[in-house]
Amino acid sequence: MSERIEELEQRTRFEPTEVEPRIVEQWLQSGLFHPEPDGEASENYSIAIPPPNVTGSLHMGHALNGSIQDALIRYHRMNSPPPRRTKWILGTDHAGIATQAQVEKALRTEGTSRQEIGREAFVERVWEWREHYGHTIVEQFKRLGASCDYSEERFTLDDSYARAVVEVFVRLHEKGWIYRDRYIVNWDPGSRSAISDLEVEERRETDTLYSIRYDVEGGGSVTIATVRPETMLGDTAVAVHPQDERYRDLVGRTAILPLVGRHLPIIADEYVKMDFGTGQLKITPAHDPNDFEIGARHDLDQVSVIGEDGRMTAEAGERFAGLTVMEAREAVVAALEEEGRVVAREEYEHEVPYSHRSGQRIEPLISLQWFMSMDELAPPAIEAVRDGRVKIVPDNHRRVYLDWMENIRPWCISRQLWWGHRLPVYYCDTCGHVNVARTPPEGCAECGGHVSQEEDVLDTWFSSALWPFATLGWPDDTPELKAFYPTNVLSTARDILFLWVARMIMMGLELTGEVPFSDVYIHSVIQAPDGRRMSKSLGTGIDPLDEIAKHGADAVRFGLLAMSSSQDVRYSAEKVQQGQALANKLFNAARFALTRIHASLGERAESIEPAAMPRTVEDRWILSRLSQILADTGARIESYDFSHAALGLYDFVYGELCDWYIELVKHRLPDLSGGLEGAEEEERVALAATLLYVLRETVAMAHPVIPFVTEELWRYLDGGDELLAGAPYPRAQEDLIDLEGEVVLERTIEAVTVIRGWRDSVGARAGLFISARLNADCYAATSGLLARMARLDLSDDGQADGAVVASIPVPCGTVEILSGEGLDLGAAERRRTAAREKLQAEIERVQAKLEKPGFVERAPATVVEGERERLRQLGAELEAL
RNA sequence: GGACGCGUAGCUCAGUGGGAGAGCGCUCGCUUCACACGCGAGAGGUCGGUGGUUCGAGUCCACCCGCGCCCACCA
């Protein structure tokens, strides 16, 4: 036996920690993950990874999406013709707010702050941070076995990427779609920046709803309700509904704002609900998005009483200026109480906006920001999804996408941060002209005066929106772009469908004229085992790297794919264990086959080529099953049905290959002992070739799901130097499908199961005191397999000795169990009775069905005949007992 | 207020209008010469509820109950 096989024989289990680092190294050395940029995108396959935050580390979502994308990439790489140009575009996102927050936190522990060290030093610090922590997650992707193109790692702040960002900004500004405006925005006091609508999260909270009486000039009063009394300081009107009979007389008159004394026009606007509260509404254009709109319609003043620091401004008046919003609320209520203006207060449950980034409560306020209009960008992106150029899987998300896109609003793209792409906007210090330019201008285009660049940076999602093409060298017409753009699929979780996916589609169409990907696959969100959100702060997080260390990357990948579905799922440790078991099982099956073949054929074993050479019914069966699972697995991966792809592999390896096929053929490969006859040797060689063939195809088939164990086994099964990652994906062989062979084997399996059950129930020891007799058909059909599998002294009709203890009907005929010494016949009788009762009940059920009025007339003939046949069979079985 | 989705074995979940499934857990038995990350056997389900369509419903329809999630400008 060769050294290689001897060494393999010693390894009784698959040890991921030993194997994985070695295999990763081989893959990286091979260059297989880096395709040369040749050909057209239509003939190549590519995926752009959703770029993880540069300072992030691998969490369960990355691990799942990594497993999904890698399964797709590996499958398509194996399926593409050499040189297998399949590219998984890799890179990280600078993640403005998140990264800045981390570095700020670090600065705080050093007792300083970004304000203290200044912008330049701060940005310097962030780059250092990035150098230090920015590659962690990429290394972690390697541990998962992700076959990204590591040789070309992108970063959304790289110079070339920044060029793309500036180009886009300038182009869209020239078109008039990017503009500057004073508008009410979601102000996040936590990050001291505006954030987009999508970064706001509504939380249900209970507050006090105050009813406050404002006097009306010339007599009378209005009563308004608010949960935010502090904002009354910024009221500039009171509104009622134009059709509201009760208040018709009030419209046009003037209310007096308590505490402040400001004169508030009483206006009519259809926004006001007549049936809610008093039907009288205070209008605060500077601190409420609705009021802002109403204010615009009626040309009302905007009085900003809350500042960007979350404190009351001077405009709030001396008594309140400088107070926090909450302090101001108390103070305002107290002051109003004093004047006797609070007429009611009640508990009130409502939605309160919070920043998704900082967790702080959003302060809507008016601010000068940059916006991107969606009016021209959205329609083509809607059309692309409507007409199927972009397919969203599963398709129930299609509607969600379309609904959102059809009601899309301008996007606030400026952020008051330091970490990110600074807007390519240069304000003239002299004339105030706004210069927008690809390169910093020498001076103002209007007056030649000195210019200063905009302080704000762009929303991170602005640069992310360009990801599929900016990573490939756009705006230049590079070979990479030609070879890999558009990409094939974008795989992500639901939560960034609008934030990112929709924007990529819009930007892709506008800037490249093509959809950035043809499929969007929306995968599950993995929750903690108890159903809560998986999060570090809740303590519900499970670290995928811990799981990889414990169970191996194959196990984690298998588990994640197996548990994923079209909806959110709870993390299942069992599925990971199942994956670990599968990797080990496959390893041992291959190990056994290889060592047994060598033991059985000696030198000859070295020269056996894997090939389908069926000699027996079980050979025909496994080849047939193999061909079908090959077709199924490919189809499942292509249709993003990863769960069934993974579980189907498990079922095949366990339920068919190992439990039955290998068990069935063991005896045909006895240890090399005594002389080998020529014919006998040829039979063994044929079996060895078939067994190796089945294993090789199985291993290759499973590679996209469990790449490590399969790559490890490949060198034993293929014989060449080629890595499995670069080998062709096995194809289903139509001519090996053999339904007749399958039927015979399934019958055999049923018979064996029955006999084993008997032996188990009577407590007989293996092979002792029990034998069985088959009728002739049954015996012939199974070619004696039954005997070996059931470890019985088995004979065909009338040949075995002993009294008949039981006749067991199996699909191919009847098995008679013959007694021997030591049988517990009482147990046998009990079992027989139970079986009889079960059969009787089943017969009655089927009879009732057949006798039911209308069944015979209306049900399809095949169904009726099937039921009758079943009844006959059940009757025969009962008879036999 | 709208949209989408989910209630199937103790747990996590598959399930195509015609005989209720898997993994794990549980019980019993196996140191059977690949694998105890293993092998064999078994227990355990009024398929959330009520109606309807159908010869036939876990599957289709309606309503109800419970749960999740997304969108949304009612103070």
Side-chain angles (χ1 to χ4, degrees), chain A residues 9 12-14 198 202 209-211 224-228 231 239 271-273 275-284 288-294 348 350-351 364 394 396-397 399-400 403-404 407 494-495 497-498 525 527 529 531 551-552 555 559 562-563 565-575 577-596 599 643-644 647 650-651 654-655 658-659 662-663 666 671 753 756-761 763 765-767 791 842 845-846 849-850 852-860 862-864 866-867 870 874:
Chain A
E9 193 173 14
T12 57
R13 26 165 101 166
F14 178 65
L198 288 169
E202 303 285 340
L209 180 69
Y210 299 90
S211 295
I224 57 87
T226 181
V227 288
R228 304 199 57 194
T231 63
Y271 170 77
V272 184
K273 301 280 182 292
D275 54 359
F276 191 88
T278 59
Q280 298 170 332
L281 180 64
K282 72 194 261 299
I283 303 297
T284 320
D288 183 284
N290 299 311
D291 295 5
F292 181 85
E293 297 294 341
I294 295 167
Y348 186 72
H350 65 142
E351 307 278 330
N396 51 327
H397 290 98
R399 251 270 309 277
V400 178
D403 284 351
W404 186 77
N407 298 301
R494 215 180 32 242
D495 55 350
L497 183 61
F498 308 140
V525 173
Q527 300 167 334
H551 306 285
M563 70 183 89
S565 77
S566 57
Q567 61 182 72
D568 290 355
V569 290
R570 298 174 181 206
Y571 185 77
S572 163
E574 290 81 16
K575 287 284 194 296
Q577 257 174 36
Q578 206 178 335
Q580 185 177 358
L582 174 64
N584 189 56
K585 191 75 174 174
L586 195 54
F587 181 81
N588 271 295
R591 180 173 74 98
F592 171 65
L594 287 158
T595 53
R596 205 51 175 303
S643 172
H644 289 109
L647 293 169
Y650 178 92
D651 288 342
Y654 263 79
C658 293
D659 284 357
I662 291 180
E663 294 299 330
K666 269 180 180 174
D671 278 356
T753 307
R756 279 180 182 170
W758 262 88
R759 189 174 55 229
D760 207 59
S761 71
R765 292 257 165 211
R791 292 165 180 259
E842 183 66 5
R845 200 190 61 77
V846 178
K849 189 171 181 179
L850 278 166
K852 190 158 178 163
F855 175 73
V856 175
E857 292 76 22
R858 303 229 196 172
T862 50
V863 172
V864 174
E867 293 296 334
R870 177 156 169 75
L874 289 166

> Assign A:Ser643 to base, sugar-phosphate, or nothing according to its heavy-atom contacts below 4.0 angstrom with the strands shown.
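Touches nothing.
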
> Which nucleotide sits closest to the side chain of A:Ala589: B:rC37, B:rA34, B:rG5?
B:rA34

> How far does the P atom of B:rA3 sit from the matching atom of B:rC61, given to the nearest Å?
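After rounding to an integer number of Å, I get 16 Å for this pair.
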
> Hey, what are the protein-to-nucleotides 72-74 of chain B N/O distances that come in under 3.5 Å?
unit_1: B:rC73; atom_1: O4'; unit_2: A:Asn290; atom_2: OD1; d: 3.4
unit_1: B:rC73; atom_1: O2'; unit_2: A:Tyr271; atom_2: OH; d: 3.4
unit_1: B:rC73; atom_1: O2'; unit_2: A:Asn290; atom_2: ND2; d: 2.5
unit_1: B:rC73; atom_1: N1; unit_2: A:Asn290; atom_2: OD1; d: 3.0
unit_1: B:rC73; atom_1: O2; unit_2: A:Asn290; atom_2: OD1; d: 3.0

> B:rA75 P sits how many Å from A:Leu209 CG, rounded?
9 Å

> When we call it a touch if two heavy atoms are under 4.0 Å apart, what does A:Lys666 touch: a base, just sugar-phosphate, or nothing?
base

> On RNA chain B, check which nucleotide each of A:Arg228 and A:Val569 is closest to and give me the residue with the more 5' one.
A:Val569

> So, is A:Arg570 near the phosphate of B:rU12, with a side-chain N or O under 4.0 Å from OP1 or OP2?
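Affirmative; the distance criterion is met.
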
> Which heavy-atom pair separates A:Lys282 from A:Thr284 by the least distance, and what is that distance?
NZ-OG1, 3.0 Å

> Would you classify A:Gly552 as touching base, sugar-phosphate or nothing, given that sugar-phosphate means primed atoms plus P, OP1 and OP2, and contacts are heavy atoms under 4.0 Å?
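The residue A:Gly552 makes no contact with any strand.
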
> Below 4.0 angstrom from OP1 or OP2 of B:rC37, is there any side-chain N or O of A:Arg13?
yes

> For B:rG40 versus B:rA22, give the span between their P atoms, rounded off to a whole number of Å.
13 Å

> NA contact type, A:Val272, heavy-atom cut-off 4.0 Å: base, sugar-phosphate, or nothing?
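Since a base atom lies under 4.0 Å of A:Val272, the category is base.
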
> Locate the shortest heavy-atom distance separating A:Val525 from A:Asp568; write the atom from each residue and the value.
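That would be N-OD1, 3.3 Å.
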
> Watson-Crick or G-U wobble partner for B:rA34, using a 3.5 Å limit on both distances?
none

> Counting side-chain heavy atoms from C-beta on, which of B:rA75, B:rC4, B:rC35 comes nearest to A:Asn584?
B:rC35

> Using atom C1' of each nucleotide, how far apart are B:rG49 and B:rC65 to the nearest Å?
7 Å

> Mind calculating the distance between CD (A:Glu857) and P (B:rU54) to the nearest angstrom?
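Going from A:Glu857 (CD) to B:rU54 (P), I get 16 Å.
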
> How far, in whole Å, is B:rU31 from B:rA36 if one measures between their C1' atoms?
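The same atom, C1', in both gives a distance of 9 Å.
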
> From the set B:rC71, B:rA75, B:rG18, return the single nucleotide nearest to any side-chain atom of A:Thr226.
B:rA75

> What's the closest nucleotide to the side chain of A:Arg399 if the choices are B:rC39, B:rA3, B:rG18?
B:rA3

> Expressed as a whole number of angstroms, how long is the span from A:Gln577:CD to B:rC11:P?
18 Å

> To the nearest 0.5 Å, what is the distance between NZ (A:Lys575) and CG (A:Leu647)?
6.0 Å

> Side chain of A:Glu574, base of B:rA22: donor and acceptor closer than 3.5 Å?
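For A:Glu574, whose side chain was compared with the base of B:rA22, there is no donor-acceptor pair (under 3.5 Å).
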
> Could you pull out the closest heavy-atom pair between A:Asn290 and A:Asp288, with the gap in Å?
N-OD1, 2.8 Å

> Can you tell me the pairing partner of B:rG23 across any strand shown, Watson-Crick or G-U wobble, with both distances under 3.5 angstrom?
B:rC11

> Using a heavy-atom cut-off of under 4.0 Å over every strand shown, decide if A:Asp403 touches base, sugar-phosphate, or nothing.
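Counting heavy atoms under 4.0 Å across all strands, no contact is made by A:Asp403.
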
> RNA chain B: A:Ser565 or A:Asn396, which has the more 5' nearest nucleotide?
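Of the two residues, A:Asn396 wins.
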
> Write down the partner of B:rC63 under the Watson-Crick or G-U wobble criteria, each distance required to be under 3.5 Å.
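WC or wobble partner is B:rG49.
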
> For the side chain of A:Lys585, starting at C-beta, report the closest nucleotide among B:rA75, B:rG38, B:rG18.
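For the A:Lys585 side chain, the nearest candidate turns out to be B:rG38.
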
> Taking A:Arg570 for the side chain and A:Gln527 for the main chain, is one N or O donor matched with an acceptor at less than 3.5 Å?
no

> May I have the distance from A:Phe592 (atom CZ) to B:rU32 (atom C1'), rounded to whole angstrom?
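Value for this atom pair: 12 Å.
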
> Between B:rC37 and B:rA57, how far is it from one P atom to the other, in whole Å?
46 Å

> Distance check, rounded to the nearest 0.5 Å: A:Phe292 atom CZ versus A:Ile283 atom CD1?
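Nearest 0.5 Å value for the CZ-CD1 distance: 13.5 Å.
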
> Once the angle between the rings of A:Tyr348 and A:His350 is folded into 0 to 90°, is it parallel (under 30°), tilted (30 to 60°) or perpendicular (over 60°)?
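Answer is tilted, since the angle falls between 30° and 60°.
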
> With both distances kept under 3.5 Å, what pairs with B:rC39, Watson-Crick or G-U wobble?
B:rG29

> Given the C1' atoms of B:rA41 and B:rG58, what is the spacing between them in whole Å?
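Here B:rA41 and B:rG58 have their C1' atoms 28 Å from each other.
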
> Select one nucleotide: of B:rC37, B:rG40, B:rA75, the one nearest the side-chain heavy atoms of A:Asp659.
B:rG40

> Nearest to the side chain of A:Lys575 - B:rC4, B:rU12, B:rC39?
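Nearest to the side-chain atoms of A:Lys575, counting from C-beta on, is B:rU12.
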
> Taking only side-chain nitrogens and oxygens of A:Tyr654, does any of them come within less than 4.0 Å of OP1 or OP2 of B:rG23?
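Indeed not, no polar side-chain atom of A:Tyr654 lies that close.
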
> Measure CD/A:Gln527 against P/B:rC6 and give the value in whole Å, please.
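Distance check: A:Gln527 CD to B:rC6 P gives 14 Å.
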
> Would you classify A:His644 as touching base, sugar-phosphate or nothing, given that sugar-phosphate means primed atoms plus P, OP1 and OP2, and contacts are heavy atoms under 4.0 Å?
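Result for A:His644 = sugar-phosphate.
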
> So how far is it from A:Glu867 CD to A:Phe855 CZ, rounded to the nearest 0.5 Å?
5.0 Å

> Roughly, in whole Å, what's the span from CG in A:Leu497 to P in B:rC69?
18 Å

> Give the rounded distance in Å between these two atoms: CZ of A:Arg596 and C1' of B:rA34.
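Answer to the nearest Å: 9 Å.
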
> In Å and rounded to the nearest 0.5 Å, what is the NE2 to OH distance from A:His644 to A:Tyr650?
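Going from NE2 on A:His644 over to OH on A:Tyr650, the span is 15.5 Å.
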
> Distance between the P atoms of B:rU59 and B:rA20, in whole angstroms?
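Approximately 14 Å lies between the P atom of B:rU59 and that of B:rA20.
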
> Would you tell me if any nitrogen or oxygen in the side chain of A:Thr12 comes within less than 4.0 Å of OP1 or OP2 on B:rA34?
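No, A:Thr12 has no side-chain N/O under 4.0 Å of OP1/OP2 on B:rA34.
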
> Is any side-chain N or O of A:Arg494 closer than 4.0 Å to OP1 or OP2 of B:rC69?
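The answer is no; no side-chain N or O of A:Arg494 sits under 4.0 Å from OP1 or OP2.
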
> Does any non-hydrogen side-chain atom of A:Arg591 lie less than 4.5 Å from one of A:Thr12?
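Answer yes - side chains close enough.
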
> For B:rG18, which nucleotide is its Watson-Crick or G-U wobble mate, given both distances must be under 3.5 Å?
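Paired with B:rC55.
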
> If you look at every strand shown and take non-hydrogen atoms under 4.0 Å, does A:Pro529 touch a base, only sugar-phosphate, or nothing?
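Nothing: the residue A:Pro529, judged by heavy atoms under 4.0 Å, touches no strand.
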
> Using the C1' atom on both, measure B:rG25 against B:rG42 and round to a whole Å.
14 Å

> Compile the donor-acceptor pairs under 3.5 Å between side chains in residues 578-585 of chain A and protein atoms, sequence neighbours left out, one pair per line.
unit_1: A:Gln580; atom_1: OE1; unit_2: A:His551; atom_2: ND1; d: 2.7
unit_1: A:Asn584; atom_1: OD1; unit_2: A:Phe14; atom_2: N; d: 3.1
unit_1: A:Asn584; atom_1: OD1; unit_2: A:Asn588; atom_2: ND2; d: 3.4

> In whole Å, what is the span from the CZ atom of A:Phe498 to the P atom of B:rC4?
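That distance rounds to 13 Å.
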
